[in-house]
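For this chain, numbers begin at 1 and follow the sequence in order.
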Amino acid sequence: DLIDPNIHIEESVADVTEDEWNEVESGQTNDKASEKFNSRVRRAPQQIIRYQRNGEPLLCSLTSQLPELPTCPKCKGSRSFEFQIMPQLLSILGLGSDLQGGVDWGSIYVFTCSSDCEISGYVEEIAQVQNFDQTNLPVMPSTQEE
């Protein structure tokens, strides 16, 4: 089955007020990338793909940097950012709602050959995952019995 494009992020998430966002973010470590990311997500909370060929990825945190990119296996040229998959996709697919065993990531960044080299068939491209900074999350008490 294909994903119904009319499905939106749960209203309880999409309708969070500015005051509620500020309350959640108060007392957290200042991370300019995270602030920029959150500001952009607030403008389009249903956006799941952010496409910007040869652009700049919207990083979700500065505490973990994206690794250096390998060159294109075909032409040995450099790679550039093409698109990113936003974490809102997890909510739409129902994968990120369970703290115990749910899937979670900040963004998946896809980089492709900058030279648009001629290929026949397929060539390996690069996808890199960046997780959210975990330092601001409250510690959850253990639910396991000893």
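Across all non-hydrogen atoms, the minimal contact from Cys113 to Cys117 is SG-SG, 3.9 Å. Of all non-hydrogen atoms in Cys60 and Asn131, the two that sit nearest each other are SG-O, 3.8 Å. The two residues Ser107 and Pro87 make their nearest non-hydrogen contact at OG-CD, 4.0 Å.
Side-chain atoms of Arg53 and Asp116, non-hydrogen and from C-beta on, do get closer than 4.5 Å to each other. In this structure, the side chains of Met86 and Arg50 come closer than 4.5 Å at one or more pairs of heavy atoms.
Between the Thr71 side chain and the Gly77 main chain, no donor and acceptor come within less than 3.5 Å of each other. Using modelled atom types, one side-chain atom of Gln130 and one backbone atom of Ser61 make a donor-acceptor pair closer than 3.5 Å. Tyr109 places no side-chain N or O within 3.5 Å of a backbone atom of Ile85 that could act as its donor or acceptor partner.
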Using the side-chain contact (heavy atoms from CB on, under 4.5 Å) rule, take Val41 and Gln47 through it: C-alpha gap first, then chi angles, then the decisive distance, then the call.
CA-CA 8 Å; Val41 168; Gln47 180 183 40; over 6 Å; no
Could you check Val110 against Ile126 for side-chain contact (heavy atoms from CB on, under 4.5 Å), going step by step and ending with a plain yes or no?
CA-CA 6 Å; Val110 178; Ile126 299 296; over 6 Å; no
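For residues 62-81, the set of pairs meeting the salt bridge (Lys or Arg N to Asp or Glu O under 4.0 Å) definition, not counting sequence neighbours, comprises Arg79-Glu125.
The number of heavy atoms from other shown groups lying within 6.0 Å of CD (Gln65) is above 12.
In this structure, the ring-ring contact (aromatic ring centres under 6.0 Å, His included) partners of Phe37, at least two apart in sequence or on a different chain, are Phe132.
Interatomic distance, CD of Glu82 versus CG of Asn54, reported as 8.0 Å (0.5 Å rounding). Taking CD1 of Ile49 as the start and CD1 of Ile108 as the end, the distance is 9.0 Å to the nearest 0.5 Å. For the atom pair CZ (Arg40) and CG (Leu58), the distance works out to 5.5 Å, reported to the nearest 0.5 Å.
Using bins of under 30°, 30° to 60° and over 60° for the plane-to-plane angle, the ring pair Tyr51/Phe83 lands in the parallel bin.
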